[in-house]
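Accompanying notes for the structure given below.
Keep in mind that the numbers below use all heavy atoms, side chains included, and drop hydrogens, waters and symmetry copies. In each ligand, atom 1 is the first atom listed, and ligand 1 is the first ligand listed. One is the number of the first residue; the rest follow in order along the sequence.
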Amino acid sequence: PWADWLPENANFPVEGKSVKSTLFSVSDCQAIVKKAIVESMKKKYHHRKWFEEDGPCYTIEISLLKDVATLTIDTSGTGLHKRGYRKLSTSAPLKETLAAAIINLSFWNPERVLLDPFCGSGTIPIEAALIGLNAAPGLHREFAAESWPNISKQLWTDARQEAEDLMCRHIKLQIRGTDINPKVMSIARYHAKLAGVNDFISFQQQPLSELRTKKKYGCLICNPPYGERLDNTEEVELLYREMGQVFQPLDTWSFYVLTSHPNFERIFGKRADRRRKLYNGRIECHYYQFYGPRPPKKKMNL
Ligand SMILES: C[S@@+](CC[C@H](N)C(=O)[O-])C[C@H]1O[C@@H](n2cnc3c(N)ncnc32)[C@H](O)[C@@H]1O
């Protein structure tokens, strides 16, 4: 019964979707579900004709797919891609989950240097630091179910404590983010602080042309401008050509570039070892992977 989950004062908006189903009017499906839940609740809360709905939120979804209806209660609230550290906005930031995915698709590991020369609001360096520290992705956010009386506060405290205990805080990470724009640099630093990883990343304002490093076997992972608007296509192509020149001396490095530009490889001047189709929101992109040599194995002190 719904009343096992929903307290008397529960706020329970009903969302809906219908795909390839006879019942195609989503608003009617939502209304029918809402009414059915109210009727079910009345059986427990007899005296009620009307529910105030001024308590904790239990968002319900009716999802119809090929005539099969699935009812769910949303325990998360804000989308799970939101980790809770990105409070300020910049132009064209990557979703946190996509940034984590492209890091996981690379051969980066916490022993290797990671560099993002177009770091914007810092999503790639921050996600890399969270991965390196083995931090649970949702550690710094809230979940809708935290306000539900039927899940004890202690359970949340214990789960957070367990995630904290699993973090490797003593690890040394070499993660660097640079960007030409000084304004986004301060935002990146602020976000890294909110994510609790500011001690593990160095951010520096720097144009790509000044990129130099003596480090070896690093991974450069980036999401450069795409030139989606016609008025900046030429600028972006110049930048991709510059990337080809600036990256060339880094002969032990691996490069990973996410862009929607159809001619990236030709302008950059090299064919990728591997490319994968990925969507950045609705924008179809490719993730170009240029593999450098593997780092030498560390000698064991026996
Ligand atoms: C698509 S955004 C990167 C977004 C970032 N991944 C994030 O999640 O916020 C591209 C970034 O490239 C930077 N950029 C453009 N031209 C540059 C250049 N010549 N050198 C360094 N950074 C540049 C822009 O300032 C912008 O922040």
_Residue and atom name of the nearest protein heavy atom (relative to atom 15 (C) of ligand 1), distance in Å to one decimal_ = Pro225 CG, 3.7 Å
*Quick one: look at Thr178 and ligand 1, take heavy-atom pairs under 4.0 Å, and tell me if it's side chain, backbone, both or neither.*
neither
*Ion pair Arg275/Glu265, N-O distance below 4.0 Å*: yes
_I'd like to check which ligand 1 atoms, numbered from 1 as shown, lie under 4.0 Å from a non-hydrogen atom of Gln206._
21 (C)
_ligand 1 atoms in contact with Ala92 (distance to a heavy atom under 4.0 Å)_ = 1 (C), 4 (C)
_Between Trp108 and Arg112 (side chain of the first, backbone of the second, donor and acceptor by atom type, cut-off under 3.5 Å), is there such a pair?_
yes
*asked:* Considering non-hydrogen atoms of the protein only, which is the closest contact for atom 6 (N) of ligand 1, and what is the distance?
replied: Asn223 OD1, 3.1 Å
*Element-labelled atoms of ligand 1 that are located less than 4.0 Å from some non-hydrogen atom of Asn181*: 25 (O)
_Is it the case that the side chain of Ser260 and the backbone of Ile283 share a donor-acceptor pair, with hydrogens and angles ignored and the cut-off at 3.5 Å?_
no
*May I ask you to check if ligand 1 and Ile124 share an N or O to N or O distance below 3.5 Å?*
no
*asked:* For atom 20 (N) of ligand 1, what's the nearest protein heavy-atom neighbour? Residue, atom name and distance, please.
replied: Leu208 N, 2.9 Å
*Any Val197 side-chain heavy atom under 4.5 Å of Leu130 side chain*: yes
*Could you check Trp253 against Tyr217 for side chain to side chain contact (heavy atoms under 4.5 Å, CB included), going step by step and ending with a plain yes or no?*
CA-CA 5 Å; Trp253 281 60; Tyr217 301 102; over 6 Å; no
_Within 6.0 angstrom of Glu162 CD, more than 12 heavy atoms from elsewhere_ = no
*If you measure every N/O of Val184 against every N/O of ligand 1, is any gap under 3.5 Å?*
no
*Reference residue Lys34; test salt bridge (Lys or Arg N to Asp or Glu O under 4.0 Å); the match among Glu53, Glu15, Glu39*: Glu53
*asked:* Which of the numbered atoms in ligand 1 are under 4.0 angstrom from any heavy atom belonging to Gly120?
replied: 9 (O), 27 (O)
*Leu94-ligand 1 polar pair, N/O distance under 3.5 Å*: yes
_Pair Tyr256-Tyr288, ring-ring contact (aromatic ring centres under 6.0 Å, His included): steps then yes or no_ = CA-CA 6 Å; Tyr256 300 88; Tyr288 298 97; over 10 Å; no
*For Ile171 and Phe200, work out which heavy atoms get closest and say how close.*
O-CE2, 3.6 Å
_Polar atom proximity, Ser121 to ligand 1 (N or O, under 3.5 Å)_ = yes
*Where is the nearest protein heavy atom to atom 25 (O) of ligand 1: which residue, which atom, and how far?*
Asp179 OD1, 2.6 Å
*Indicate yes or no: does an N/O atom of Thr123 lie under 3.5 Å from an N/O atom of ligand 1?*
yes
*Of the protein's non-hydrogen atoms, which lies at the shortest distance from atom 21 (C) of ligand 1, and what is that distance?*
Ile180 N, 3.4 Å
*Would you kindly specify which portion of Cys119 sits under 4.0 Å from ligand 1, judged on non-hydrogen atoms: side chain, backbone, both or neither?*
backbone
*Please determine if Arg169 and Glu164 form a salt bridge, counting it only when a charged side-chain N lies under 4.0 Å from a carboxylate O.*
yes
*For Pro117, counting its heavy atoms only, list the atoms of ligand 1 lying under 4.0 Å from any of them.*
21 (C), 22 (N)
*With side chains defined as the heavy atoms from C-beta onward, is the minimum distance between Tyr85 and Thr123 less than 4.5 Å?*
yes
*Is any side-chain heavy atom of Lys277 less than 4.5 Å from a side-chain heavy atom of Tyr287?*
no
_Which residue and atom name correspond to the protein heavy atom nearest atom 19 (N) of ligand 1, and how close is it?_
Leu239 CD1, 3.4 Å
*Which segment of Ser209 sits under 4.0 Å of ligand 1 when only heavy atoms are counted*: neither
